[in-house]
Amino acid sequence: MNAAVTVQQRRATLWGVVLALLAVAGVLLGAGVGSTGFENVTQALHDPVAWQIVWDIRLPRTLGAWLAGALLGLAGAVAQGLFRNPLADPYLLGSASGASLGVAIALALFGVSPLATHWLVRLGLTGAAFVGAVGAVLLTLVLARGVQHTLRLLLAGVIVGVVLGALSSLTMLLVPEVLQAMQAFLLGSTGYVGWSACVLMAVVWGLCMVLAWSLSRVLDGLTLGEATAASLGLKLAPLRAALIALLALATGTAVAQTGLIAFVGLAAPHLVRSLVKTTHGRLTFLASLMGGVLLMAADLLARGLIAPAELPVGVLTAVLGGGYLLWLMHRQNQRGRML
């Protein structure tokens, strides 16, 4: 048994190194991908204008894509462990609908566009999205009457998501000019991520990783069932509340910066589990690395597939992620027939 555990630990370490190297390669590649295709970054060192484009636009966008994906991958691993459901995703508690409503209300009240570059405007929309996401999670907790019952939490999250989504649609119906401004947020985009957003996401990611590592024993215990976890001496109510706070912080920060990015938080933990069997301490870290690589790769594809035009990265992740999950379901069905 110890030998098997050691092999899995080494395998997890190996995949961690591989994913980190892929992230570095993706950043270097992303620095050279522009509206005209791929350009050699070393040539930009001798051209002040080209270097400014690389430094002010391409690098923060690529790093921002990795950081947002890392936050979503981490949140997805926590959500699946917390709810003991492999189909759980970071938006399960209504955070996505809450963020959309927050942005829609901000646009309707102040008449600003997410395409605006002024930092005060961007901070206002980012703050509105974050407040909306966290507010939706708090509303879910109120409807579920706390964190004691997982099923009640799931149902409350679904209800909150539907109601807040309807309120967002109503806001856009009452103020039609908001609809066009909301497109970048609803479709998901990394095109407006700057260095300040990268710093914010990096700080939150570091904090969330520390919290996830310290709470990983709780997720391992919940995998065995709530009764078993309680018998291990775990205080489930406060620890589950801490996990939900972690989930809301990671998801809200990512959504506030990049809009709604589908399937990254759902697919990243699945991919990690298909590569290595490990405890939640390593799983959350690997899922975070995997999520960063997935979103960064999707962002590179979105920039390069139909250059000089761009595809919304959220649409691309939805297509690729949905295709992956359909293939996964097909493979599981084939295995079930063989057994």
Side-chain angles (χ1 to χ4, degrees), residues 70-99 130-164 204-256 264-270 272-273 277-288 291:
L71 286 169
L72 291 174
L74 169 63
V78 171
Q80 291 175 14
L82 175 63
F83 295 109
R84 289 179 291 158
N85 188 338
L87 295 179
D89 74 345
Y91 303 147
L92 199 60
L93 297 181
S95 56
S97 299
F130 182 79
V131 170
V134 175
V137 174
L138 293 177
L139 180 58
T140 298
L141 294 178
V142 171
L143 290 179
R145 299 177 184 176
V147 297
Q148 288 82 8
H149 303 287
T150 302
L151 181 59
R152 189 181 294 171
L153 268 174
L154 290 172
L155 293 175
V158 172
I159 294 171
V160 168
V162 171
V163 172
L164 296 187
V204 173
W205 178 72
L207 175 62
C208 289
M209 277 307 313
V210 172
L211 291 174
W213 183 269
S214 62
L215 294 170
S216 60
R217 184 167 174 262
V218 184
L219 294 174
D220 292 335
L222 288 173
T223 303
L224 303 174
E226 294 192 8
T228 303
S231 68
L232 295 175
L234 298 175
K235 297 180 180 180
L236 292 183
L239 292 175
R240 192 184 282 116
L243 287 169
I244 291 175
L246 164 62
L247 179 61
L249 178 61
T251 306
T253 302
V255 169
V264 172
L266 178 61
H270 275 283
V272 171
R273 291 192 190 95
K277 306 298 181 185
T278 185
T279 58
H280 277 89
R282 292 181 176 84
L283 174 64
T284 51
F285 181 68
L286 291 175
S288 184

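Sequential numbering from 1 along the given sequence is applied to the chain's residues.
- When each of V204, L74, L71 is paired with M209, the side-chain contact (heavy atoms from CB on, under 4.5 Å) condition holds for L74 and for no other.
- A distance of 11.0 Å separates CG of L155 from CG of L143, quoted to the nearest 0.5 Å.
- To the nearest 0.5 angstrom, L93 atom CG is 11.0 Å from L139 atom CG.
- Nearest heavy atom pair, residue L219 against residue H280, reads CB-CG, 3.5 Å.
- Here the CG atom belonging to L141 is positioned 5.0 Å from the CD1 atom belonging to I244, to the nearest 0.5 angstrom.
- Taken from CG in L283 to NZ in K277, the straight-line distance is 10.0 Å, to the nearest 0.5 Å.
- Within 6.0 Å of CZ in F285 there are 12 or fewer heavy atoms belonging to other residues, nucleotides or ligands.
- Between the side chain of S95 and the backbone N or O of A248 there is no donor-acceptor pair closer than 3.5 Å.
- Between the CZ atom in R282 and the CH2 atom in W213 there is a gap of 5.5 Å [rounded to 0.5 Å].
- Residues F130 and L249 meet the side-chain proximity criterion, which asks for heavy atoms closer than 4.5 Å.
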Discussion item. Go through it in stages, so that I can follow the logic: the residues are L92 and D89, the test is side chain to side chain contact (heavy atoms under 4.5 Å, CB included), and I'd like the CA-CA distance, side-chain angles, deciding distance and then a yes or no.
Written reply: CA-CA 6 Å; L92 199 60; D89 74 345; 3.9 Å; yes
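- S288 contributes no side-chain N or O that, together with a main-chain N or O of T284, makes up a donor-acceptor pair within less than 3.5 Å.
- Rounding to the nearest 0.5 Å gives a distance of 9.5 Å between CG of L243 and OG of S216.
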